[in-house]
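To start, the structure under review is shown below, and the notes come after it.
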Amino acid sequence: MATNPGLFSEWPWKMLGSFKYVVLAPWVAHGIQQVATKGWREADLGYLVILPSMILRGLHNQAWITVSRLQNARGKRQIVDRGIEFEQIDRERNWDDQIILSAILLFLGALHLPGGQNLPLWRTDGAVLLALLHAGPVEFVYYWFHRALHHHFLYTRYHSHHHASIVTEPITSVIHPFAELVAYELLFSIPMIACVLTGTASIMTFELYMLYIDFMNNMGHCNFELVPTWLFTWFPPLKYLMYTPSFHSLHHTQFRTNYSLFMPFYDYIYNTMDKSSDTLHEKSIESKEEAVDVVHLTHLTSLQSIYHMRPGFAEFAAKPYASKWYMRIMWPLSWLSMVLTWAYGSWFTVERNVMEKLKIQSWAIPRYNFHYGLNWEKEAINNLIVKAICEADKKGAKVVSLGLLNQAQSLNGSGELYLQKYPKLGLKLVDGTSLAAAVVVNSIPHGADQVVLSGNISKVACAVAAALCKKNIKVIITNKQDYHFLQPKIPEDAADNLLLSKTGMAKVWIIGEGADATEQLRAPKGTRFIPYSQFPPRMARKDGCTYSTTPAMSVPKTLQNVHSCENWLPRRVMSAWRVAGIVHALEGWDEHECGDTVLDMDKVWSAALLHGFRPVAEA
């Protein structure tokens, strides 16, 4: 909220939460009643298109969010090179409130404003009148109203809420207290009401006007420059009629300049234009994609996971992944997105972070979990990963960490395949085994003298078993085949600590994929389950048993621009495999960790702690 919230700052339907759209029910029901009693031909088309147009506005805004986040993740043409945090995401989660308010006002106008019923599809004279009224009264009144909002009294009570976002996203444009946004809506309605009262209104004129407002609002807050400089060279007067993202960004960083709505004309007249506007515009449009030091290669997981990635739905991305019923009913869109990402045929940048001058990016391979289990997809996936590694090497990256199934033994031998193909890579490949295993080992409760190891035996499981045996902790294996597989991996002086037993009664179970519900039910009541797998196991026990998260660490405050959750992990928590790549680069280690190679676990763990990463329990 604002620094000192004023009257009517809260949205009236805030208490409804996700059910706030029910406030539109009476008007939607009235539209259905019109169609039922009059038929489609006799019903008021202008009234009926209000709801679909509001849905399209929401999709338009979401498209801007996705494009903006994808663009800013690359760092190309970025205007303000600073990070966004979760606090801003939470503050801006109600961006759709403005669409609900607009819909209510349009419904009221279509029902009660004289001449607002049965509008024609198009009228040229109305479109001209609306354009003139916007360029004149609307822009003029907005300019002075905006300057008034920057007076201490109004700023602290209302406008400071909007300006809390110095680094803007497209939806920042509509993040205002209720009373302030009502004022904006009334201002934007002046041309529309004038058209209605003069009998020149039309459906398409109003639709295009709302599209123009949304487009300019989103563009002005997208934090990357997309308006070419040649446009103003070719037609100089345009600089007075259209602002740019860099022009409005200066208003959010300097506060006392560039007050105009969409047309900078009045800033020129009243001498409030920031003198660096043109320079920043040229600098931003010419900025290249930034160099990268660390690349983490991840991929999509379930069909709904695309909505939870940073370029997806901002609100979902800011929470740990969880499948919801309303996401499942979107399966046609989910399948379409899967086909599009599959057809895209290349990795894409989803996140960009900075830590101690280290430039970090996350790239996603456009494949889902089920693709990695298809034999005929393995070659294509490996080619995608190779392409990404080579591109990272070309960009000067120091480290590439392999996340999730991108390091699967069955796919590429924990990354060994890529070293064999490109032995002269300038970067270091890291599968993160040592840190993931260290996280598991250091999660064992103090005083525990025995654990059960259950699940498919992976490279991490081998490292965990060996480390625990060396610590003189008994590691009980319930599967005979797994026991014989692990025996050669354990140092001779600690081999006696690896035991085969069908009755694992230890209160600490280290589990991975393959430890199904039947296996978990064999554990005694009150058992603590600690996963060593990339993916969280199914939680089959609820009788006092506890489950730790998959190997992960909370990140230090020096790691910036963290405003999305990594899959199912909590906020500001990263998987150990991802953290391993960052630590590897910070330490400047000149060795790979892939194939059969496992780095010194104690060294890696100490380095992670030294750089501020902490166990999740301490977060």
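Bear in mind the structure is a predicted one, so any value in this text is a computation, not a measurement.
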Quiz item: Does atom CH2 of W589 have more than 12 heavy-atom neighbours, drawn from other residues, nucleotides or ligands, at distances under 6.0 Å?
Solution: yes
Self-check item: Under 3.5 Å donor-acceptor, H299 side chain and L405 backbone
Solution: yes
Practice problem: Kindly assign one of parallel, tilted or perpendicular to the pair H159 and H146, based on the angle between their ring planes and the thresholds 30° and 60°. | Solution: perpendicular
Self-check item: Single hit among H563, R572, K557 for side chain to side chain donor-acceptor pair (under 3.5 Å) with E85
Solution: R572
Self-check item: More than 12 heavy atoms from other groups under 6.0 Å of NZ on K489
Solution: no
Quiz item: Are any side-chain N or O atoms of R93 and backbone N or O atoms of E315, one a donor and one an acceptor, separated by less than 3.5 Å?
Solution: no
Exercise. Give a yes or no on whether the backbone of S165 and the side-chain of H252 come within a donor-acceptor separation of less than 3.5 Å.
Key: yes
Exercise. Write out all pairs satisfying salt bridge (Lys or Arg N to Asp or Glu O under 4.0 Å) with one or both partners inside residues 409-425, taking only residues at least two apart or from two chains.
Key: none
Practice problem: Look at the side chain of S305 and the backbone N and O of S302, then say whether any donor-acceptor pair between them is shorter than 3.5 Å. | Solution: yes
Quiz item: Would the number of heavy atoms belonging to other residues, nucleotides or ligands and lying under 6.0 Å from CZ of F265 be above 12?
Solution: no
Practice problem: Might you confirm whether atom NZ of K283 has over 12 heavy atoms from other residues, nucleotides or ligands at distances under 6.0 Å? | Solution: no
Exercise. Over 60° means perpendicular and under 30° means parallel, so classify the ring planes of F262 and Y243, tilted if in between.
Key: perpendicular
